[in-house]
Amino acid sequence: FRDEYDRLHAIAKFLPLNAESVSHPLTGQVLNINFQTRAHRDVQDVRICIVLPFGAWQGCELVLYELGLVLDAKQGSCCIFKSSHLTHFNLAFTGRRMAAILHSDGKIATADECYERWSENPNFIPV
């Protein structure tokens with residue numbers, strides 16, 4: 001995933017106030033707690049999405065519809081996919097299941113656009 005990392009790093013380095021994302025190079029984080037999703041695509045995500053499930057549960061397989069995959073993601077698994085391109089959802093489950101979701105917001109389209117937007121701010125200091 002070197003190419004993905006390089007592209008996401010180029011975007012993440014232009015966060016406001018020279019901030020660094022806790023999930024660098026991804027810029028967004030979500031914590032789902034006992035959460036089951038309906039079929040959807042995350043159209044605002046750019047590049048990849050990483051799902052890190054944890055807890056003690058039965059069921060809750062991750063379905064990647066277009067690929068015809070049903071992933072039995074257990075604690076310690078790492079699922080990486082393009083959430084804006086693939087319809088995905090979770091099946092029913094019992095127990096306690098959490099998932100850390102790491103993604104990058106599509107509103108930050110490219111590093112060049114970020115730089116232009118922030119460089120227009122009189123308080124912007126390039127690094």
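One is the number of the first residue; the rest follow in order along the sequence.
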Could you tabulate the donor-acceptor pairs under 3.5 Å formed by side-chain atoms of residues 55-64, not counting sequence neighbours?
residue: W57; atom: NE1; partner: G59; partner atom: O; Å: 3.2

- Query: Under the salt bridge (charged side-chain N to carboxylate O under 4.0 Å, His left out) test, which residues partner R41, sequence neighbours left out?
  - Reply: E66
- Are S77 and L52 side-chain neighbours, meaning at least one heavy-atom pair lies under 4.5 Å? no
- Note on the structure: Taken to the nearest 0.5 Å, the spacing of C79 SG from L71 CG works out to 5.5 Å
- Query: Do side-chain atoms of S83 reach the backbone of C49 as a donor and acceptor pair under 3.5 angstrom?
  - Reply: no
- When rounded to the nearest 0.5 angstrom, what distance separates OG in S104 from CD in Q44? 12.5 Å
- Residue set satisfying side chain to side chain donor-acceptor pair (under 3.5 Å) with H103, at least two apart, ordered chain then number -> D45
- State which residues pass side chain to side chain contact (heavy atoms under 4.5 Å, CB included) with D3; sequence neighbours excluded, sorted by chain then number. R7, R47
- Note on the structure: Output for pair (F54 CZ, Q75 CD), nearest 0.5 Å, gives 8.0 Å
- Task: If a pair satisfies salt bridge (charged side-chain N to carboxylate O under 4.0 Å, His left out) and one of its residues is in residues 69-80, list it, with sequence neighbours excluded.
- Result: D72-K74
- Hydrophobic cluster identity match, L69 and F93, side-chain contacts under 4.5 Å: no
- So, do L91 and V70 sit near enough that their side-chain heavy atoms are less than 4.5 Å apart? yes
Expected list for residues 31-39: side-chain donor-acceptor pairs under 3.5 angstrom, two or more places apart:
residue: N34; atom: OD1; partner: R97; partner atom: N; Å: 2.8
residue: Q36; atom: NE2; partner: N90; partner atom: O; Å: 3.4
residue: T37; atom: OG1; partner: N90; partner atom: N; Å: 3.2
residue: T37; atom: OG1; partner: N90; partner atom: OD1; Å: 3.1

- Message: Are M98 and I101 linked, directly or through intermediate hydrophobic residues, by side-chain heavy-atom contacts shorter than 4.5 Å (ILVMFWY only)?
- Response: no
- Are any non-hydrogen side-chain atoms of I48 and L26 less than 4.5 angstrom apart? yes
- Would you please indicate if the ring centroids of F81 and H88 are separated by under 6.0 Å? yes
